[in-house]
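Structure first, then comments.
Starting from 1, each residue takes its place in the sequence as its number. Counting starts at 1 for both ligands and their atoms, in listed order.
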Amino acid sequence: MGPDAHWTEGWPLNTLRTAPWSLVVPLKPLLLAKSRLAPSAGDALRRRLALAFAEDTVAAALACAAVRDVVVVTDDGPAGAALAALGARIASDTPAAGLNAALAHGARTVRALRPGAAVAALNADLPALRPTELRQVLDYAAEFPRAFLADATGIGTTLLSAAPGVELAPFFGGPSRARHSAAGAREIPLAGVDSVRRDVDTGDDLRAALTLGVGPRTARLSTAVTGRYAAVMQATAYTYDSETRSGSVLLDDGTPVDFDATAFDAGGLRLLRPGQRVRIEGEGEGADLRITLVTLQTF
Ligand SMILES: Nc1nc2c(ncn2[C@@H]2O[C@H](COP(=O)(O)OP(=O)(O)OP(=O)(O)O)[C@@H](O)[C@H]2O)c(=O)[nH]1
Ligand SMILES: C=C(OP(=O)(O)O)C(=O)O
């Protein structure tokens, strides 16, 4: 049993009130959150996943020995209540001016109570977050006035820190790794902190997070998710009508299955030629299989 032994039951709360870091976690209203997950998860599951990610992120953060408290900046009432129940403080998104304004407001909220706090912004979409890896990142960050950790794609940022007395000055959104670097924050070069880098925006990101191992709330929902993904399979394009953007594929057992324009558009292709190998995603099994996505098979 290692330090992460409580994985499946949920993390034990860190009760060390002398820990140095206060974290600020921003969360959009669930109605809007994680929009890039909608094509692969569907709308209802997308919202539940957005909350589960935030809960697993906040629970892991609160279990980290370097973290004293977590402030979640959100205007979502039910999400705020669920995260408060885990031990987070909730601040409303009073600036209502986007992610960076929300983070700056969260940092001010922390320092209104504890002026000498070291503050770090942490995305709410890190369902694989492990307290021990977060601690490594924060310990490294503690050596610099401002520091940041690039996300798994190397384009964005999952954590930005500011030492006591230093403004957070967040530039999240899009290519924020380059922006944080240009703004003078020190990039944290640590290897072995994949769980802190693994933000989940798309279905592929979710699969990558499931491979790392997610927290219990995301894991519970992943039955539904893996149920959806269980129908990921290979097939061969059989017919395609460019007028209607619909057609059919042959499964590898020779069964023909139709797909509609929504499934074709979900795969992002412009054209499909009979005989091409494709990857399909669907719901249901056997005669009930409904294809939700068709794309080219790439290895
Ligand atoms: N409080 C607050 N949080 C925000 C706001 N915009 C984004 N966030 C949060 O900031 C983090 C990164 O946000 P985005 O990648 O822009 O949005 P997302 O909901 O994760 O995903 P998409 O809808 O697919 O862009 C997530 O934790 C969001 O919930 C905002 O205006 N206010
Ligand atoms: C907001 C950011 O994250 P995402 O990849 O979720 O857009 C970011 O990386 O700055």
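- Listed by number with element, the atoms of ligand 1 under 4.0 angstrom from any heavy atom of Ala102 are 1 (N), 2 (C), 32 (N).
- For Thr158, no heavy-atom contact with ligand 2 is shorter than 4.0 Å.
- From the protein, the heavy atom lying nearest to atom 2 (C) of ligand 2 is Gly173 N, 3.8 Å.
- Counting the atoms of ligand 2 from 1 in the order shown, those under 4.0 Å from a heavy atom of Leu99 are 1 (C).
- In the vicinity of Ala33, heavy-atom distances shorter than 4.0 Å reach the ligand 1 atoms 19 (O).
- Within ligand 2, counting atoms from 1 as listed, the ones closer than 4.0 Å to a heavy atom of Asp125 are 6 (O).
- In terms of protein heavy atoms, atom 27 (O) of ligand 1 is closest to Pro26 O, 2.9 Å.
- Of all atoms in ligand 1, listed by their number and element, those nearer than 4.0 Å to a heavy atom of Val73 are 1 (N).
- The protein atom (non-hydrogen) at minimum distance from atom 2 (C) of ligand 1 is Asp93 OD2, 3.4 Å.
- Close approach of ligand 1 to Ala124 (heavy-atom distance below 4.0 Å) involves ligand atoms 27 (O).
- Cluster annotation: Phe172 is connected to Phe148 through the hydrophobic network of ILVMFWY side chains, with a link wherever side-chain heavy atoms come within less than 4.5 Å.
- Of all protein heavy atoms, the one lying nearest to atom 9 (O) of ligand 2 is Thr157 N, 2.8 Å.
- Counting only heavy atoms of the protein, atom 7 (O) of ligand 2 lies nearest to Arg36 NH2, 3.3 Å.
- The protein atom (non-hydrogen) at minimum distance from atom 3 (O) of ligand 2 is Asn123 ND2, 3.8 Å.
- Residue Ser35 approaches ligand 1 through these ligand atoms, each under 4.0 Å from one of its heavy atoms: 22 (P), 23 (O), 24 (O).
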